[in-house]
Amino acid sequence: MQLILRPFILKLRHTFTISRESHDEQPSLVVELTEDGVSGYGEATSNPYYKIGVPDMMRDLERLEPLIMDSAGMAPEEFWEKMRSQLSHNMFALCALDIAYNDWYARKAGQKLYQLWAYDISRNPLTDYTIGMDTIEKMVSKMKEMPWPIYKIKLGSHQDIAIITELRKHTDAIFRVDANCGWTADETISNAIALKELGVEFIEQPLPADDWEGHKKVFKHSVLPIIADESCQVEADVDKCFNHFHGVNVKLTKCGGLTPARRMLVKARQLGMKTMVGCMTESTVGISAIAHLLPLLDYVDMDGALLLSEDIATGVKIEDGAVFYSDLNGTGVTLID
């Protein structure tokens, strides 16, 4: 099995700002695995919060090339365990590799990935569209530029309630808010009251990831559901989030790909928690992988490719929040030349 690494710089339509950072472009790595004339594709983007860059991923994956060459034909779960033993320090690289292998495996079997998993796609949730932090005027403008049934609003400033109050004047869409660890417990409890009146569905990760005492307090007293993001990175975190959050947002890059993500989502549902998968501003390569998890989800945030000024691949299409699968097998991805 041949390993091909393709680094990209993804240009964004707008400067993207959250509570801790801003950027105009997103470095990304696409992994291609090829065997017997069949190719599978995976992706992981860089992330300063988790101290992962594209060069780090490339270095770690190149080191594994001899191991990868002898791995074609393994079940995806077996392949993931074999690679995790070498990549436990770099889950982003493991993610891109795992997605590529799952894609290759399904294509080799002549099936779409959700078909291989025997998932029912008839009740897939709609994806939200993210409005990054900006001036209130620019946030209103971004929202009007992309009419959508569900918006995820990035917050974490001193004027958060004013932002949602103004945005609400311009749409009846569902709002979800993401503070990216930017609030205190008391702020969250107070803000939740106002946000509920403004039609907000839930709050994502309001507190710093390791503030478990604060999470517990918010869980008990918030009038809105709280969804974990930064506090839920790997499989063991699902149990930790139980009785501290009402749901979990699983990111493929953080947990190491589709293989562990499926287990995390099943575990969360067994615990009675809401399930969500989010993206990290990936191209259609990464977004198409997320699409095959939709039958396991209550909520999804897979708008990454919509935030780009130019995509690098074709695959799933998204219209008014609804996801439409490619006719191709696997994840359905084709790189654009």
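Nothing here was measured: the structure is a model prediction, and the numbers come from that model.
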Applied to residues 112-149, the ring-ring contact (aromatic ring centres under 6.0 Å, His included) test, sequence neighbours excluded, yields Tyr114-His292, Tyr114-Tyr325, Trp117-Tyr119, Tyr129-Trp148
Got more than 12 heavy atoms from elsewhere within 6.0 Å of [atom1], [X]?
X: Lys142; atom1: NZ; value: yes
X: Lys196; atom1: NZ; value: no
X: Met69; atom1: CE; value: no
X: Lys108; atom1: NZ; value: yes

Ser85 meets the side-chain contact (heavy atoms from CB on, under 4.5 Å) criterion, sequence neighbours left out, with none
Between Phe245 and His215, what is the ring plane arrangement, given parallel below 30°, perpendicular above 60°, and tilted in between?
-> tilted
Kindly say whether [Y] contributes a backbone atom to a donor-acceptor pair with the side chain of [X] at under 3.5 angstrom?
X: Ser231; Y: Ala209; value: yes
X: Asp298; Y: Lys274; value: no
X: Asp303; Y: Thr130; value: yes
X: Ser190; Y: Asp186; value: no
X: Arg168; Y: Thr171; value: yes
X: Gln205; Y: Ala228; value: no

So, [X] versus [Y]: side-chain donor-acceptor pair below 3.5 Å or not?
X: Glu282; Y: Ser28; answer: no
X: Asn180; Y: Lys154; answer: yes
X: Ser157; Y: Asp160; answer: yes
X: Thr45; Y: Thr281; answer: no

Taking all non-hydrogen atoms of both residues, which atom of [X] and which atom of [Y] are closest, and how far apart?
X: Ile99; Y: Ala289; value: CG2-CB, 3.6 Å
X: Ala291; Y: Val316; value: CB-CG1, 3.6 Å
X: Lys112; Y: Asp327; value: NZ-O, 3.5 Å

Check this for me: does any side-chain nitrogen of one of [X] and [Y] sit under 4.0 Å from a carboxylate oxygen of the other?
X: Asp98; Y: Arg84; value: no
X: Lys11; Y: Asp24; value: no
X: Arg13; Y: Glu145; value: yes

To the nearest 0.5 Å, atom CD of Glu204 lies from atom CZ of Arg176 at 9.5 Å
With Met1 as partner, the option from Val38, Ile68, Asp70 fulfilling side chain to side chain contact (heavy atoms under 4.5 Å, CB included) is Ile68
With sequence neighbours left out, the residues meeting side chain to side chain donor-acceptor pair (under 3.5 Å) with Glu77 are none
